[in-house]
Every structure is written in structure tokens, then in C-alpha cells.
Amino acid sequence: MRSAPSAARKYWLMKTEPDVFSLQDLTARPGQRELWDGVRNYQARNFMTNDMKVGDLVLFYHSNADPSGVAGIAEIIEPALPDPSAWDKNSEYFDPKSTPEQPRWFCVAVGKPQLFKNFISLDELRTHAALQEMLVLKRGQRLSIQPVTPQEFDYVCALGMKS
DNA sequence: GCCAACGTTGGC
DNA sequence: GCCAACGTTGGC
């Protein structure tokens, strides 16, 4: 069956520091599922609450790494829910302004990790004309969740999976 | 660990 | 609602 345009799958790039949580870590999680908690930026939050849908696909980006780059892909497997780390006093993501009654921060669940055969470094991304508009390549772009076009997603995937 | 870029906070 | 100070991100 054909999906309505409003239900069209969207594509994202999500940054994580692999020392903290890597794509390999996601693969090792029970059910290969993890909450994408700790997002404390309104623009990134709004992407999760307003635009992300279950089934959207994600370029899984390792930042602050050696080298940084796209390690593989994952999928949004649960829609946004209040981020429980915000009201956990022991969490580094604790935010007293967020409460269970009035949550300020939200998180989606990611799963279905697929590690690329080829890690696509930031340097390599820069060499491809088709990828020049990717936000992650823009100077000073710090958003931890970024939209990518279907074309960019497919292109990076092809690079990552080719032998 | 440096530092440019940029988001957030808070005094006014 | 301006904007300086401060904090964070993330490549290098």
C-alpha cells in the first residue's frame, strides 16, 4: 500500500560521542533499543516531538571521535516521550525545571542498528559534491539532531555499505 | 586542551 | 527585549 505524503519516512542525523554511547553499544543493548535521552536543546527537542515518526531512519554520527563520522544507521522505534533523565537528580542531564507533571524535555527510542561496512569519516563526507549541503559539514553547526534529505541519506548509506 | 561558534541566561 | 557574560559543542 502507498503511504500518504504526510506519513512519508523522514531522515535524520543524530550525533553521539562514542565514548559515551556508540552504535556498537546500541547493538549490544537488550532488544537493541535505547532511549535517546539527554537532549537539552529546544530545536533538537522539537524535531523529536514534532517531526520524528516511528520508522524514520537515522545516520548514526560519532562526534568528538577519532575520527568523527557516520558509523551506520538506526531507526526511530518509539515516538517521543518525556525524558526521565531530566528529573533524575543523579543524572548529569538533571533539570529541575522539568518535572513528571510538566516535562520540558523529551526523547525518542532508537533501535535496529546497522553498522556500516565502511565508517564514513567527516573528511570523506566533505569530498562528495552530493553531500555539500549536509548541515553536519557546516561550520559552527552544533545541533545534535539534524534533518537530512532522502538523497543524502541514500548516498551516505551507499558509501557505507559498498564493498 | 584550545578556541570559534553559537545557545542560554539574567540584569537592566 | 537588548545584549554581555557565560556555558557548551565539537573539530582540530
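So you know, we letter chains A, B, ... as the sequences are listed, proteins then strands, and number each from 1.
Applying the 4.5 Å side-chain rule to ILVMFWY residues, one finds Leu81(A) in the same cluster as Leu35(A). Think of Tyr61(A) as one node in a network of Ile, Leu, Val, Met, Phe, Trp and Tyr side chains linked at under 4.5 Å; its network also takes in Tyr11(A), Leu13(A), Leu57(A), Leu59(A), Val70(A), Ile73(A), Phe116(A), Ile120(A), Leu122(A), Leu125(A), Leu131(A), Met134(A), Val136(A), Leu137(A), Val148(A), Phe153(A), Tyr155(A), Val156(A), Leu159(A), Met161(A). Side-chain heavy-atom separations under 4.5 angstrom define the hydrophobic clusters, and Trp87(A) shares its cluster with no other residue.
Residue Gln24(A) qualifies as enclosed at atom CD: its count of foreign heavy atoms under 6.0 Å is above 12.
Residues Arg104(A) and Asn64(A) each lie close to DNA chain B; by heavy-atom proximity, the contact nearer the 5' end of the strand is made by Asn64(A).
No side-chain heavy atom of Ser68(A) sits less than 4.5 Å from a side-chain heavy atom of His62(A). Counting only heavy atoms from C-beta outward, the side chains of Lys53(A) and Ile76(A) never approach each other to under 4.5 Å.
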Inset, instruction - Please report the C-alpha distance between Ser85(A) and Arg40(A) in whole Å, then the side-chain angles of each, then the deciding distance to 0.1 Å, and finally whether the side chain to side chain donor-acceptor pair (under 3.5 Å) criterion is met. - result: CA-CA 11 Å; Ser85(A) 70; Arg40(A) 297 293 179 268; 3.0 Å; yes

Please tabulate, for the side chains in residues 100-113 of chain A, all donor-acceptor contacts under 3.5 angstrom to protein atoms that are two or more places apart in sequence or on a different chain.
from      : atom 1 : to       : atom 2 : distance (Å)
Arg104(A) : NH1    : Tyr42(A) : OH     : 3.0
Trp105(A) : NE1    : Asp95(A) : OD2    : 2.8
Lys112(A) : NZ     : Glu75(A) : OE2    : 3.4

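Of the residues in residues 131-144 of chain A, those placing a heavy atom less than 4.0 Å from an atom of DNA chain B are Arg139(A), Gly140(A), Arg142(A), in numerical order.
Put simply, chain A comes within 4.0 Å of DNA chain C, heavy atom to any atom, from dG7(C) to dC12(C), going 5' to 3'.
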